[in-house]
S.K.: 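Can you keep this structure in mind? I'll have questions shortly.
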Amino acid sequence: GPLRGGWVRRAWATARRLGARLLPGLLARTSPAALTYYTALSGPDPDGARRWLQGTVWPYWRDRVLGELEVALPGLRARTRRLDVNIFAHAMARPGPGQVWGSGRREAARPFRGRVHWAHSDLSRLSLVEEAVTWGVRAAEEVLLGVKGTTATALGDGAR
């Protein structure tokens with residue numbers, strides 16, 4: 001469950017403190033607010049997780065989402081007027097030994113035929129928005145370095 005384990009308790013304690021700071025503003029609103037909830041279904045059996053996910057129904061997700069969010073935002077359930085559930089199942093890279101800093105990552109990041117520059121967080125084997133932004137900037141700067149007369153970019157010499 002969401003409230004077991006030491007690190008989970010600490011995370012929810014932080015969420016409660018943050019929620020206590022956000023709640024007055026949310027309660028004072030006269031117009032609707034939108035909240036987004038995300039959870040990862042990770043484990044050793046991705047196929048089993050997908051089958052389980054396909055068998056779930058809206059009431060399950062309503063109760064799970066509101067139950068977890070009410071830890072930080074007490075009274076949220078009573079104030080909720082609409083709850084949409086969208087399930088976007090997708091795979092995420094799970095780095096193995098040598099994949100984050102190894103030669104395989106460097107090879108995967110090498111431009112294809114010198115013209116196609118890759119910009120994806122999976123190049124770091126870490127699916128984080130910061131990684132996606134960094135790789136996007138890096139790809140743009142590699143292209144700029146290929147433009148005649150361009151000698152420097154924001155990332156400096158590390159772009160190549």
Side-chain angles (χ1 to χ4, degrees), residues 1-19 21-22 25-26 33-58 60-62 64-69 71-73 82-160:
L3 301 177
R4 286 185 289 207
W7 71 270
V8 176
R9 280 192 300 277
R10 287 189 301 277
W12 275 115
T14 300
R16 279 191 295 277
R17 284 192 302 275
L18 179 60
R21 293 164 78 190
L22 292 175
L26 286 174
L35 302 176
T36 301
Y37 171 91
Y38 168 85
T39 189
L41 300 178
S42 58
D45 181 16
D47 290 333
R50 277 190 291 279
R51 283 190 300 278
W52 173 82
L53 182 62
Q54 290 170 343
T56 61
V57 293
W58 184 83
Y60 168 80
W61 289 106
R62 175 200 60 213
R64 178 173 173 171
V65 169
L66 291 175
E68 289 192 23
L69 290 178
V71 170
L73 300 168
R82 175 178 164 181
L83 189 139
D84 296 327
V85 175
N86 296 291
I87 297 171
F88 300 106
H90 63 91
M92 294 176 70
R94 293 184 354 185
Q99 292 181 329
V100 174
W101 302 109
S103 61
R105 188 211 48 88
R106 285 190 300 277
E107 183 63 31
R110 184 170 301 166
F112 177 69
R113 295 187 180 169
R115 297 186 57 102
V116 177
H117 297 261
W118 309 109
H120 195 283
S121 62
D122 284 350
L123 288 169
S124 300
R125 306 298 287 170
L126 302 169
S127 295
L128 305 169
V129 69
E130 295 84 358
E131 290 297 319
V133 169
T134 298
W135 283 106
V137 169
R138 181 175 299 263
E141 293 194 343
E142 286 175 347
V143 170
L144 287 173
L145 285 171
V147 175
K148 190 173 185 175
T150 303
T151 59
T153 67
L155 287 180
D157 294 334
R160 282 207 193 255

S.K.: Could you give the distance from CZ (Arg138) to CD (Glu131), rounded to the nearest 0.5 Å?
M.R.: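 Going from CZ on Arg138 over to CD on Glu131, the span is 9.5 Å.
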S.K.: Can any side-chain N or O of Trp58 pair as donor or acceptor with the backbone N or O of Leu83 at less than 3.5 Å?
M.R.: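 Yes.
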S.K.: Return the set of residues passing side-chain hydrogen bond (donor to acceptor under 3.5 Å, both in side chains) with Arg82 (not counting sequence neighbours), or none when no residue passes.
M.R.: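 side-chain hydrogen bond (donor to acceptor under 3.5 Å, both in side chains) check on Arg82 returns Asp84.
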S.K.: State the CD-CH2 distance between Glu142 and Trp135, to the nearest 0.5 angstrom.
M.R.: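 One gets 8.0 Å once the value is rounded to the nearest 0.5 Å.
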S.K.: List for me each residue that meets salt bridge (Lys or Arg N to Asp or Glu O under 4.0 Å) alongside Glu107, sequence neighbours excluded, and say none if there are none.
M.R.: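 Testing Glu107 for salt bridge (Lys or Arg N to Asp or Glu O under 4.0 Å), a comparison that skips the adjacent residues, returns Arg110.
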S.K.: How close do Ala119 and Gly136 get, counting heavy atoms only, and between which atoms?
M.R.: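 Between these two residues, the closest heavy atoms are CB-CA, 3.7 Å.
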S.K.: For Trp52, what residues pass the side chain to side chain contact (heavy atoms under 4.5 Å, CB included) criterion, not counting sequence neighbours?
M.R.: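 Residues passing side chain to side chain contact (heavy atoms under 4.5 Å, CB included) with Trp52: Leu41, Thr56, Tyr60, Trp61, Arg64.
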S.K.: Salt bridge (Lys or Arg N to Asp or Glu O under 4.0 Å) with Arg62: which residues, sequence neighbours excluded?
M.R.: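 Applying salt bridge (Lys or Arg N to Asp or Glu O under 4.0 Å) to Arg62 gives none.
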S.K.: Can you list everything that forms a salt bridge (Lys or Arg N to Asp or Glu O under 4.0 Å) with Asp45? Sequence neighbours excluded, please.
M.R.: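 Listed in chain order: nothing, the list is empty.
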S.K.: Arg113: which residues meet the salt bridge (Lys or Arg N to Asp or Glu O under 4.0 Å) condition with it, sequence neighbours left out?
M.R.: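 For Arg113, no residue satisfies salt bridge (Lys or Arg N to Asp or Glu O under 4.0 Å) once neighbours in sequence are set aside.
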